[in-house]
Amino acid sequence: MKDKAQSETLLSVDNLSIGFSQYIGGLKRRTIQVIVDLNASIGHGEVVAVVGASGSGKSLLAHSILGILPGNAIMSGRMAYGGEELTAKRQAALRGKEIAFIPQSVNFLDPLLRVGKQARIGFDRKTAAARQRELFLRFGLKEKDGDLFPFELSGGMLRRTLFATCVREGVKLIIADEPTPGIHPEALNEVLTQLRQLADSGAGVMLITHDIMSALKIADRVVVIKDGRTVEVAEASAFEGQGEKLAAEYTRNLWRALPENDFDLMFAGDGGNGHVA
Ligand SMILES: Nc1ncnc2c1ncn2[C@@H]1O[C@H](COP(=O)(O)OP(=O)(O)OP(=O)(O)O)[C@@H](O)[C@H]1O
Ligand SMILES: [Mg+2]
């Protein structure tokens, strides 16, 4: 794992706020604030896990970095990438190239394009087919799966396809939004190992997940989000024992509620299934 002192900031998100403008009868509008003054950063070579309950704003954080928020979103705050302001223009230029995205929803795949073809986008033409096949095999997909359309694949296969579409040279920041649900343990470990390797080769990785235990296998730091706010940014090593090294009570409760710990259902907002609900 990366020595913290060595890791320069690749991406920083400062005081991010996101709201949605909604009509409430007639022409009256109101803004619903869903992210408030959120802060996060990722260094070169670092895996940062983002954990938080469903609806806490994790996907919106990812979408704001990529510049793909819905049109009715109102955003404020500051983002910098590589030491310069991350403007909409830069986001568009970097997206899918230096900044790779593994979306939470498999609907991001093109339904009309065979998945093998989709996984070849961004590769050099001559070698694309061979490299796509190699990636598919690495992630537990069969060679012939490349000929299928998204609707012909299972949820787990689709997730692995999404992962294969983001492993590219030149990628400096990977934002993975729940890349692991529905995939079997072997493929899960492959995905985690791959993300760690991308970081070890210098990329920054944001791993959004409900699965804290899996995230801790590879994360350097963990950003804990609740109701659109940063509760705590903790070193991954602080998740040990009874959570004495964790600063926020919310984070300690999340940690103690995991079945791997003392299975303390008193704290388990998730019914003790090991995931942040
Ligand atoms: N287009 C939208 N219009 C209005 N509200 C939205 C919109 N998209 C998201 N929200 C709201 O913003 C909040 C954060 O949503 P987000 O998708 O980021 O949650 P999440 O942390 O990714 O949840 P999950 O773990 O279930 O994926 C939620 O309350 C959601 O209802
Ligand atoms: Mg989400």
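In listed order, ligands and their atoms are each counted from 1.
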SB check D220 R196 (cutoff 4.0 Å): yes
Electrostatic pair E190:R138 at N-O distance under 4.0 angstrom: no
Would you check whether K58 has a nitrogen or oxygen atom less than 3.5 angstrom from a nitrogen or oxygen atom of ligand 1?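 By distance alone, the answer is yes.
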Does any N or O atom in G52 lie less than 3.5 angstrom from one in ligand 1, N or O only? no
Side chain to side chain contact (heavy atoms under 4.5 Å, CB included) between W255 and V222, intermediate numbers included: CA-CA 12 Å; W255 173 242; V222 180; over 6 Å; no
Distance in Å, E178 CD paired with R159 CZ, rounded so as to fall on 0.5 Å steps: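 If we round to the nearest 0.5 Å, E178:CD and R159:CZ are 7.5 Å apart.
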Rounded distance [0.5 Å steps], CG in L66 versus CD1 in I175: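 L66 atom CG to I175 atom CD1 measures 4.5 Å (nearest 0.5 Å).
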As an exercise, identify every atom of ligand 1 less than 4.0 angstrom from a heavy atom of [X].
{"X": "L60", "value": "9 (C), 12 (O), 14 (C), 15 (O), 18 (O)"}
{"X": "H210", "value": "25 (O)"}
{"X": "S54", "value": "23 (O), 24 (P), 25 (O), 26 (O)"}
{"X": "S56", "value": "19 (O), 21 (O)"}
{"X": "V34", "value": "11 (C), 12 (O), 13 (C)"}
{"X": "A53", "value": "21 (O)"}

Would you mind checking which non-hydrogen protein atom is closest to [atom], with the distance to 0.1 Å?
{"atom": "atom 10 (N) of ligand 1", "result": "F20 CE1, 3.7 Å"}
{"atom": "atom 27 (O) of ligand 1", "result": "Q104 NE2, 2.8 Å"}
{"atom": "atom 17 (O) of ligand 1", "result": "S59 CB, 3.7 Å"}

Any chance CZ of R229 has more than 12 other-residue heavy atoms, nucleotides or ligands included, within less than 6.0 Å? no
What do the steps show when you test V224 against L254 for side chain to side chain contact (heavy atoms under 4.5 Å, CB included), and what is the final call? CA-CA 10 Å; V224 183; L254 277 182; 4.0 Å; yes
Assess, by modelled atom type and distance only, whether the side chains of S59 and D177 contain a donor and an acceptor separated by less than 3.5 Å.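 On atom types as modelled, these side chains qualify, holding a pair under 3.5 Å.
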For residues V115 and M157, determine if any side-chain heavy atom of one lies less than 4.5 Å from a side-chain heavy atom of the other. no
pair F101-L162: side-chain heavy atoms closer than 4.5 Å: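 SC-SC contact between F101 and L162 ruled out.
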Within-shell test, P70 vs ligand 1, heavy atom, strictly < 4.0 Å: yes
Near the Mg ion (ligand 2), is there an N/O/S atom from S54 that is less than 2.8 Å away?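 Under 2.8 Å: S54 has no N, O or S contact with the Mg ion (ligand 2).
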Is atom 2 (C) of ligand 1 less than 4.0 angstrom from some protein heavy atom?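 Protein heavy atom within 4.0 Å of atom 2 (C) of ligand 1: present.
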Among G55, A62, G19, which one has a heavy atom closest to atom 20 (P) of ligand 1?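 Ranked by closest heavy atom to atom 20 (P) of ligand 1, first place is G55.
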